[in-house]
Amino acid sequence: DVPYFLFGGPALGRGRGDEIHPLELELRDRVLLVQGAGGVETAAVFRRFEAMGGPGRAASRIDAFLRASAVDPKGQKTLELKSLRNDLERAARDESPSLAAMARRVRRVARATSATHAVMSGSGSSFFMLFDDAAALRRAQGALLGEGVGCVPCGFLSRRSYLRRFEVKAPARRRRAPSEGR
């Protein structure tokens with residue numbers, strides 16, 4: 001995860017997550033991050049995933065996702081995020097009954113509030129939900145908070161915005177007076 005966050009903005013991570021490819025996308029979905037129920041040991045999730053057959057031989061859903069991208073009237077690429085899934089989720093749910101219960105809860109709220117997508121993040125234990133409109137996101141947030149589940153509304157940050165926020169300007173060089181030696 002560290003290389004991705006050092007790079008900034010939408011990106012495709014491959015390999016072990018250290019091969020980062022920037023994506024110049026305008027992602028407009030509203031996001032609700034949902035806290036999971038306790039932690040899940042990443043190594044255990046990957047062991048279970050491998051025991052379940054690993055990634056398989058099917059064509060990459062990410063490649064299909066990128067090929068299916070469209071161009072909006074302003075020439076921006078837009079993608080259907082709801083077509084993606086997390087291949088580790090089944091292994092993580094099998095590894096942690098409390099995570100499986102949280103996944104059911106999140107999906108129930110997602111259906112009730114018209115979320116366009118709800119999926120586990122990484123190898124667990126958090127989730128995220130995507131929404132087309134702010135009112136639906138607020139309804140989901142209220143429902144989850146009412147059940148004692150922590151959640152935070154947020155959005156996507158473009159690569160350009162990321163770079164602007166964290167850009168560090170070089171200090172101005174001081175000009176030496178003619179009387180100063182070198």
Side-chain angles (χ1 to χ4, degrees), residues 1-14 16-18 20 23 25-49 52 55 60-62 64-66 68-69 78-159 161-162 165-166:
D1 294 347
V2 173
Y4 172 81
F5 287 106
L6 291 175
F7 201 80
L12 172 61
R14 292 191 173 233
R16 305 185 100 197
D18 56 351
I20 307 297
L23 300 173
L25 303 173
E26 188 68 34
L27 301 170
R28 294 187 179 97
D29 299 78
R30 290 160 179 86
V31 182
L32 185 63
L33 294 179
V34 182
Q35 291 177 338
V40 182
E41 186 184 337
T42 301
V45 171
F46 275 94
R47 279 192 300 274
R48 189 176 289 265
F49 180 65
M52 295 167 75
S60 166
R61 290 179 66 94
I62 291 174
F65 168 75
L66 293 172
S69 65
T78 58
L79 299 174
E80 281 292 316
L81 298 178
K82 63 186 174 186
S83 67
L84 293 178
R85 71 167 189 259
N86 183 340
D87 290 336
L88 292 176
E89 187 170 336
R90 183 172 157 224
R93 287 191 327 250
D94 288 353
E95 189 65 28
S96 170
S98 62
L99 182 68
M102 180 59 76
R104 289 189 297 274
R105 227 173 173 178
V106 166
R107 295 222 165 70
R108 178 181 44 77
V109 169
R111 283 188 303 275
T113 59
S114 302
T116 59
H117 200 42
V119 69
M120 184 185 79
S121 179
S123 58
S125 65
S126 63
F127 294 82
F128 64 92
M129 300 164 75
L130 301 178
F131 297 87
D132 287 331
D133 69 272
L137 182 145
R138 285 190 300 273
R139 286 192 304 275
Q141 182 182 20
L144 289 167
L145 290 173
E147 294 182 18
V149 176
C151 52
V152 178
C154 59
F156 292 101
L157 187 63
S158 72
R159 179 154 169 71
S161 294
Y162 174 88
R165 286 181 184 208
F166 297 104

Among Met129, Arg138, Arg30, Gln141, which one satisfies side-chain contact (heavy atoms from CB on, under 4.5 Å) with Pro153?
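For Pro153, the side-chain contact (heavy atoms from CB on, under 4.5 Å) check succeeds only for Gln141.
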Value rounded to 0.5 Å, distance of [atom1] in [X] from [atom2] in [Y]:
X	Y	atom1	atom2	answer
Arg105	Phe127	CZ	CZ	11.0 Å
Asp132	Ser114	CG	OG	9.0 Å
Ser98	Arg93	OG	CZ	13.0 Å

Side chain of Glu89, backbone of Met120: donor and acceptor closer than 3.5 Å?
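Present.
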If we only count heavy atoms from C-beta on, is the Ser126 to Leu33 side-chain gap below 4.5 Å?
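They are not in contact (no side-chain heavy atoms under 4.5 Å apart), so the answer is no.
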Set out, in order, the CA-CA distance, both residues' side-chain angles and the distance that settles side-chain contact (heavy atoms from CB on, under 4.5 Å) for Leu32 and Leu144, then state yes or no.
CA-CA 10 Å; Leu32 185 63; Leu144 289 167; 4.0 Å; yes
Looking only at heavy atoms, what is the nearest atom pair of [X] and [Y], with distance?
X	Y	result
Leu145	Gly150	CD2-CA, 4.4 Å
Leu99	Ser125	CD1-O, 3.6 Å
Ala118	Arg107	O-NH2, 3.2 Å
Phe156	Asp29	CD1-O, 3.6 Å
Ala143	Val109	CB-CG1, 4.1 Å

Steps toward side-chain contact (heavy atoms from CB on, under 4.5 Å) verdict (Val40, Ser123):
CA-CA 8 Å; Val40 182; Ser123 58; over 6 Å; no
Over 12 non-hydrogen atoms of neighbours within 6.0 angstrom of CZ in Arg90
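Open: at most 12 neighbouring heavy atoms sit under 6.0 Å from CZ of Arg90.
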With sequence neighbours left out, what residues match Ala101 under side chain to side chain contact (heavy atoms under 4.5 Å, CB included)?
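So Ala101 forms a side chain to side chain contact (heavy atoms under 4.5 Å, CB included) with Arg104.
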Decide side-chain contact (heavy atoms from CB on, under 4.5 Å) for Met102 and Val149; before the verdict, give the C-alpha distance in whole Å, the side-chain angles of both, and the deciding distance to 0.1 Å.
CA-CA 9 Å; Met102 180 59 76; Val149 176; 4.1 Å; yes
Stepwise, does the side-chain contact (heavy atoms from CB on, under 4.5 Å) test hold for Phe128 with Asn86?
CA-CA 11 Å; Phe128 64 92; Asn86 183 340; over 6 Å; no
